[in-house]
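Each remark here refers to the structure printed beneath this line.
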Amino acid sequence: MNHFTGNKSKHPILTFILPPALLLLLLIILLSARSCSLHQPSASSQSAVSESAKEKDSDYIQWVDFKITAEAMTDALHYDVRSYENSPHYNWIDLLAWLGARYGGDFSQYQKSDMDTLVQTLADGASLEDLVQDMKYYPYYREAYEAVLGGMVGVYEIQIPDETTQEPIWVTKYGLKAFSPIALYFPYQHYDDFGASRSYGFKREHLGHDLMGQVGTPIIAVESGYVEAIGWNQYGGWRLGIRSFDRKRYYYYAHLRKNYPYHKSLEQGSYVQAGDVIGYLGRTGYSRTENTNNIEEPHLHFGLQLIFDESQKDGNNEIWIDCYELTKFLYANRSETIRDPETKEYYRVWQMKDPVIPDGATPQSISHP
């Protein structure tokens, strides 16, 4: 028998009359619930909020798969430098972005003849705007590659040895002003290890590039910037985080030397110029205890994070790129260093003046520690 039908006398619990006070209480509850529902977004308004969030997310790049080869970067740079102050001037990032849009970002199919043809077309009078008009993804590659390479080429002053006296003289140059992260004359080995498995702490991917070398090898600032992070990290050991002045790049140098990881001139907020000595190669890390050597093979962990929106700096939306080809490219510009025999600290030999540094920076030399 259905319990909700039949002889009511057998089911008194279903036939009682509610007292007036209880009826009033139920009425108040129902009215309150209805009032709350009037303040909740409708299905259509929730959808609009969701779409708005999506639009906000799409305002900045969420991922970059950087696959430009060292050869392509070198060829593009040569065209840029040789055409500087001429018309047309071939911006190296424009050239690489055009090729990126053509290759779908995969430079394994790069041929120098493709870049030569592009440059010749521009030399013959074609405009870049016309050439990219039907390239749907050119704007993406242009912005992405600018984020990676934007601080590496420009005008700067640097010392060179006088041909007669070998004394330092200042010259103004246009060209590559970024440096290899390993000082000149110091050997190292490396291979493309981006994305390799790591298990300390938790299973994860390796989001950097390892350069194997000798403990104490001077580590060089790749680009001018300011020290955003300095100190111990259980994964990276003694590490430095240097932010570019346009705030788009965060350079991460980790596993620095035990007992003396950093150049003594550095502290939080310090300005550094590209080519400065910033620390020393070691094997610290993989420990919650500071100053612990737990890395088997001495090496520099070099990482480059891209930041299109400040929300990407920390958390699940971080963008780290493969630096293997970039490191090969930067090998052409290595900073020469000299060791102070008294303090055993290394300094750069040839000073530089990078105009991107606000109010300049203190020269890093033995005479100006």
Tyr79 ring center within less than 6.0 Å of Trp98 ring center: no
Look at the rings of [X] and [Y] and say which category their plane angle falls in: under 30° parallel, 30 to 60° tilted, over 60° perpendicular.
| X | Y | value |
| --- | --- | --- |
| Phe107 | Tyr103 | perpendicular |
| Tyr280 | Tyr346 | tilted |
| Tyr84 | Tyr174 | parallel |

Could you tell me if the side chain of [Y] sits less than 4.5 Å from the side chain of [X], heavy atoms only?
| X | Y | result |
| --- | --- | --- |
| Glu290 | Trp238 | yes |
| Asp210 | His190 | no |
| Thr74 | Phe329 | yes |
| Arg247 | Glu310 | yes |

Can you confirm whether more than 12 heavy atoms, excluding those of [X], are under 6.0 Å from its [atom1] atom?
| X | atom1 | value |
| --- | --- | --- |
| Gln109 | CD | yes |
| Gln166 | CD | yes |
| Lys258 | NZ | yes |
| Glu296 | CD | no |
| Tyr137 | OH | no |

Are Val171 and Leu176 connected in a single hydrophobic cluster, I mean Ile/Leu/Val/Met/Phe/Trp/Tyr linked by side-chain heavy atoms less than 4.5 Å apart? yes
Examine Tyr324 and Leu330 and state if one hydrophobic cluster contains both, with Ile, Leu, Val, Met, Phe, Trp and Tyr joined whenever side-chain heavy atoms are less than 4.5 Å apart. no
Between CD1 on residue Ile319 and CH2 on residue Trp63, distance to nearest 0.5 Å: 7.0 Å
Pairwise salt bridge (Lys or Arg N to Asp or Glu O under 4.0 Å) hits with a residue in residues 228-239, at least two apart: Glu228-Arg243, Glu228-Lys313
With a 4.0 Å cut-off on N to O distance, would you call Lys248 and Glu146 a salt bridge? no
Which pairs pass side chain to side chain donor-acceptor pair (under 3.5 Å) with one or both residues in residues 211-225, sequence neighbours excluded? Glu223-Arg249, Glu223-Tyr251, Ser224-Asp354
Could you check Tyr253 against Phe302 for ring pair (Phe, Tyr, Trp, His ring centres under 6.0 Å), going step by step and ending with a plain yes or no? CA-CA 5 Å; Tyr253 308 82; Phe302 172 59; 5.7 Å; yes
Side chains of [X] and [Y]: do they bring a donor and an acceptor to under 3.5 Å?
| X | Y | result |
| --- | --- | --- |
| Gln120 | Asp116 | no |
| Thr292 | Asn294 | no |
| Asn86 | Ser83 | no |

